[in-house]
Novice: 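Following this message is one structure expressed as structure tokens.
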Amino acid sequence: QVQLVESGGGLVQPGGSLRLSCAASGSISVINVMGWYRQAPGKERELVASVSSSDNTKYVDSVKGRSTISRDNAKNTVDLQMNSLKPEDTAVYFCYSSIIAHGSNWFTDYWGQGTQVTVSS
């Protein structure tokens with residue numbers, strides 16, 4: 001079994017910062033992409049940022065310049081540093097990864113349980 005466990009959400013004032021962390025564990029053979037999605041009430045889930053196994057990064061336009069995604073391949077972790085947070089960043093943030101588990105021959109998408117980020121004064 002493979003698990004993704006997130007940490008680091010919470011309540012922050014506008015202009016503040018948060019760092020989200022996600023650790024993948026279990027029967028892992030290969031990890032490809034790792035990233036973060038978010039879903040605000042009444043909205044569709046959207047990709048916030050992702051990083052490939054070769055460290056190529058992608059960001060949604062709304063967080064470019066304010067957020068940095070990074071991964072540690074030795075620890076199977078991915079972090080999202082978010083700065084200059086805005087109320088519109090309020091959402092549940094989900095860690096995501098494309099992983100080949102031991103005994104499998106194909107990539108499967110795994111998700112964390114989600115962590116709430118609320119930006120409010």
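Computed from a prediction, not measured in an experiment: that's the story for all the values here.
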Novice: Please confirm whether the backbone N or O of T57 pairs with a side-chain atom of S52, one donor and one acceptor, at under 3.5 Å?
Specialist: no
Novice: Donor-acceptor pair, Y59 side chain versus I69 backbone, under 3.5 Å?
Specialist: yes
Novice: Kindly indicate whether the side chain of M82, heavy atoms from C-beta on, has any atom under 4.5 Å from the side chain of L20.
Specialist: yes
Novice: Side-chain heavy atoms nearer than 4.5 Å, only ILVMFWY residues, links allowed to pass through others: does that put M34 and V92 together?
Specialist: no
Novice: Which heavy atom of L4 sits nearest a heavy atom of A24, and at what distance?
Specialist: CD2-CB, 3.2 Å
Novice: Considering only heavy atoms from C-beta outward, does the side chain of E46 approach that of R38 to under 4.5 Å?
Specialist: yes
Novice: Apply side-chain contact (heavy atoms from CB on, under 4.5 Å) to the pair L11 and S120, showing each step before the final yes or no.
Specialist: CA-CA 7 Å; L11 173 65; S120 175; 4.2 Å; yes
Novice: I need the minimum non-hydrogen distance between G112 and F94, along with the two atoms involved.
Specialist: O-CD2, 3.8 Å
Novice: Give, for atom CH2 of W106 and atom CD1 of I99, the distance between the pair rounded to the nearest 0.5 Å.
Specialist: 15.5 Å
Novice: Counting heavy atoms not belonging to E88, are there more than 12 under 6.0 Å from its CD?
Specialist: yes
Novice: Measuring from atom OG of S97 to atom CG of D109, what distance do you get when rounded to the nearest 0.5 angstrom?
Specialist: 8.5 Å
Novice: So, taking the atom named CH2 in W36 and the one named OG in S21, what distance separates them when rounded to the nearest 0.5 Å?
Specialist: 6.5 Å
Novice: Taking atom CG of N73 and atom CG of D55, what is their separation to the nearest 0.5 Å?
Specialist: 6.5 Å
Novice: For Q3 and G26, indicate whether the former's side chain and the latter's backbone hold a donor-acceptor pair under 3.5 Å.
Specialist: no
Novice: Checking salt bridge (Lys or Arg N to Asp or Glu O under 4.0 Å) for the pair K86/D89: CA distance, chi angles, key distance, verdict?
Specialist: CA-CA 5 Å; K86 304 175 182 180; D89 293 316; over 6 Å; no
Novice: Taking the side chain as C-beta and beyond, is there a heavy-atom pair between V78 and C95 under 4.5 Å?
Specialist: yes
Novice: Which heavy atom in A40 sits nearest to a heavy atom in A91, and how many Å separate them?
Specialist: N-CB, 3.8 Å
Novice: Does a side chain donor of either N83 or Q81 reach within less than 3.5 Å of an acceptor in the other side chain?
Specialist: yes
Novice: Which atoms form the tightest heavy-atom contact between G9 and V117, and what is the distance?
Specialist: CA-CG2, 4.2 Å
Novice: Using only atom types and a distance under 3.5 Å, with no angle test, would you say the side chain of T115 pairs donor to acceptor with the backbone of Y93?
Specialist: no
Novice: Could you check if a side-chain atom of L80 sits within less than 4.5 angstrom of a side-chain atom of S67, using non-hydrogen atoms only?
Specialist: yes
Novice: Which pair of non-hydrogen atoms, one from A101 and one from V2, has the smallest distance, and what is that distance?
Specialist: CB-CG2, 4.1 Å
Novice: Does the plane of the ring in Y96 sit parallel, tilted or perpendicular to the ring in W111? Use 30° and 60° as the thresholds.
Specialist: tilted
Novice: Measuring from N76:CG to C22:SG, what's the distance to the nearest 0.5 Å?
Specialist: 10.0 Å
Novice: For residues R71 and I31, report the shortest heavy-atom separation together with the two atoms involved.
Specialist: NH2-CG2, 3.5 Å
